[in-house]
Amino acid sequence: MKAEPELLEEAAADLFEDAPCGYVLTRPDGTIVKVNRTFESWTGYSRGQLVAARRFQDMLAPGGRIYYETHFAPLLHMQGAVREIAIELVRADGSRLPALVNATLGRDEAGRPRVVRATVFDATDRRRYEDELLRARRREEETADALQRGLLAGTLPTAPGLELEVAYRPGVSGLAVGGDWYDAFWLREGEAVGLVVGDVAGRGIGAAATMGQLRSALRALASTGLAPARLLAALDGYVRRHGVGPATTLVYAELELAPPRLRFACAGHPPPLLAIPGQAPFFAWEGRTAPLDFHLDARPLAEASQALTPGSTVVLYSDGLVERRFEPLDAGLERLRETVAAHDHASAAQLLDAIVAAHHNPDHADDVCLLVARITARSPAPPSRRPSGDPGRSETVVPLRRAGGS
Amino acid sequence: MSVISRNNVVQHGPPDGQPMVLAHGFGCDQNMWRYVWPAFADRYRIVLFDHVGAGGADPGAWDPQRYASLDGYADDVLEICRELELRDAVFVGHSVSAMIGALAAAAEPERFARLVLIGPSPRYVDDDGYVGGFSREDIEGLLESLESNYLGWSSAMAPVIMGNPDRPELADELTNSFCRADPRIAAQFARVTFLSDNRDDLARVRTPSLVLQCSSDAIAPEAVGEYVHRELPDSRFVRLQATGHCPNLSAPEETIAAMQAFLDS
């Protein structure tokens with residue numbers, strides 16, 4: 001048996017050379033000073049080809065080299081260490097080795113950078129798995145987005161005497177779309193239209209699917225002739241019975257065209273904004289109850305009604321339009337009111353554009369859903385239908401993504 | 001949201017000194033200047049800031065349309081200058097910020113007395129006889145590198161970074177925090193940085209400029225630095241011994257000396 005110190009020395013050398021990770025020592029500029037056997041065998045380069053001949057960054061693909069210069073090297077200098085940086089080493093035969101690198105910067109007594117010590121870990125399997133995760137996440141985002149857009153696609157009622165415009169932009173600040181929706185449909189063709197803007201709690205595919213269910217349920221209930229307060233109560237019952245979409249907020253309004261009148265109920269949702277010629281635009285704070293499935297007790301019935309005149313405009317929206325971080329909600333509401341006040345003779349389309357522009361919130365934290373209905377001066381004539389098709393593409397009829405979602 | 005908090009503007013030195021605005025490049029934040037600005041703080045009014053999307057800038061100010069080209073970033077620089085009422089400033093731009101400064105100086109020349117351009121490149125991608133050093137595929141490779149390096153950015157950490165811009169110490173606890181960025185923003189900034197073509201803008205820059213060129217800079221090769229020097233109407237070219245792309249970090253003394261010589265001339 002060998003003497004203990006000798007064994008230790010041999011073991012230390014052995015651990016360096018054949019460690020289950022690559023060791024690379026470089027000068028601060030990346031020039032390789034020393035590598036171990038593991039690094040040689042992983043890269044296919046002998047130490048003779050590496051030491052003093054190559055820089056560490058030379059062993060990366062060009063894209064990775066940019067990353068090295070813009071992130072790896074600066075971080076190393078600022079923090080003295082980097083951790084878990086994913087790189088791809090280009091082997092001697094041109095193939096790639098996905099690796100994770102940890103590195104520390106050694107300084108001399110004067111504090112000048114002297115040496116970089118790097119450990120390189122083979123991350124082939126891990127990278128494959130991460131790629132799968134990234135792909136899965138992208139797929140989920142795309143699916144939820146497509147699902148929501150598909151659910152929002154449909155036809156918007158149109159008739160002389162009524163202008164109807166909607167805008168929808170999915171929030172992107174999180175990792176998935178949210179569950180806002182708008183809807184507009186004839187209650188009595190040519191006479192009264194049902195208007196909805198709602199907001200399902202949560203994000204992603206689940207929120208989009210819930211939104212689809214509630215939207216259908218609401219349409220079905222509306223077709224039975226329920227007035228707004230009773231409709232919301234019935235929808236509340238649906239949410240409770242089926243456990244779908246608790247804490248959803250929405251505003252539901254019946255807009256009669258002649259004589260123009262709005263009947264509405266609001267479940268925990270931001271209030272409708274009404275602009276009636278000759279009056280300053282105002283928020284309709286009546287007809288309010290809690291969000292769906294919020295109380296265990298029976299839901300109180302509340303709705304309100306407002307006579308309109310030709311030229312009146314109704315604006316429904318989701319909180320994503322008026323909410324901004326670092327700003328009280330009142331400020332957002334006031335901004336909306338001012339925008340509408342400044343466009344009192346605008347068409348629904350012009351007003352929608354103006355609101356979207358004024359409320360362009362680069363934060364993108366939340367969905368933005370906006371519906372503008374305007375009673376024009378002309379008297380209503382027989383209704384027609386127009387296809388709105390895919391809400392993501394139709395520009396003239398359903399100007400979605402006006403806010404420029406990404 | 002004021003420009004000052006939007007861009008996390010930090011000032012040092014005498015308020016009545018000649019302004020020196022230092023702009024960081026793609027990748028990290030104003031910490032890139034930590035070894036450089038103290039050398040000038042005795043007589044210059046030092047203005048540091050983070051580009052929107054980087055460091056301590058307000059994440060809520062990010063706007064994919066505004067920042068779809070370098071002009072959006074140049075507008076930010078000009079807004080900072082206006083807000084602080086800066087005139088005859090020395091603008092020091094590293095990497096992509098060299099071109100951002102050039103654009104700002106071309107737009108409002110009266111605000112800038114000198115430009116110091118560290119590792120500038122008006123065009124990173126090779127193009128019909130022009131050698132920028134990279135191909136489009138290389139830039140795709142960079143985007144892949146960014147994607148596999150979220151640098152501490154995950155669903156768990158994102159709210160900490162996004163939700164507490166007023167508590168930077170939280171973010172400072174994160175690994176690699178000086179280069180943290182929302183991956184979506186980083187990807188767009190990378191595209192804008194490395195796919196822009198600002199060669200034609202160089203001739204519009206009348207401000208006396210210094211081109212600081214590193215040795216063996218993989219991002220901005222010497223031929224590119226010489227191109228910038230040639231195209232700028234009034235520039236001086238200095239080749240540093242420092243290697244790499246960040247002499248402000250790897251060789252601050254040499255960088256400071258070159259800047260000083262230029263500013264004193």
Legend entry - Interface moiety of A/Arg27 toward chain B, non-hydrogen atoms closer than 4.5 Å: neither
Legend entry - Part of A/Pro74 lying under 4.5 Å from any heavy atom of chain B: both
Output the distance between atom [atom1] ([X]) and atom [atom2] ([Y]), rounded to the nearest 0.5 Å.
X        : Y        : atom1 : atom2 : result
A/Leu105 : B/Ser250 : CG    : OG    : 10.5 Å
A/His77  : B/Asn31  : NE2   : CG    : 14.5 Å
B/Ser216 : A/Asp58  : OG    : CG    : 8.5 Å
A/Glu88  : B/Ser145 : CD    : OG    : 7.5 Å
B/Phe194 : A/Thr70  : CZ    : OG1   : 5.5 Å
A/Glu69  : B/Asp217 : CD    : CG    : 6.5 Å

Within 6.0 Å of [atom1] in [X], more than 12 heavy atoms from elsewhere:
X        : atom1 : answer
A/Arg126 : CZ    : no
A/Glu132 : CD    : yes
B/Arg136 : CZ    : no
A/Tyr129 : OH    : no

Legend entry - Option in A/Ala73, A/Pro62, A/Ala86 with maximal non-hydrogen atom pairs under 4.5 Å from chain B: A/Ala86
Legend entry - Heavy-atom pair count under 4.5 Å with chain A, highest-scoring of B/His245, B/Glu144, B/Gln188: B/His245
Legend entry - chain A contacts, top residue of B/Leu143, B/Asn248, B/Ile139, B/Ile219 (heavy-atom pairs, under 4.5 Å): B/Ile219
Inset, instruction - Take B/Cys28 and A/Met78 through the test side chain to side chain contact (heavy atoms under 4.5 Å, CB included) and record every step on the way to the result. - result: CA-CA 10 Å; B/Cys28 297; A/Met78 288 189 283; 3.9 Å; yes
Legend entry - Stepwise side chain to side chain contact (heavy atoms under 4.5 Å, CB included) test for B/Tyr124 and A/Ile66: CA-CA 11 Å; B/Tyr124 292 92; A/Ile66 302 179; over 6 Å; no
Legend entry - Proximal component of B/Tyr35, with respect to chain A [non-hydrogen, under 4.5 Å]: side chain
Legend entry - Side chain / backbone / both / neither for B/Leu249 at chain A, heavy atoms under 4.5 Å: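 Interface part for B/Leu249: both.
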Legend entry - A/His71/B/Phe26 aromatic ring centres below 6.0 Å: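 Yes, the ring of A/His71 comes within the 6.0 Å limit of the ring of B/Phe26, centre to centre.
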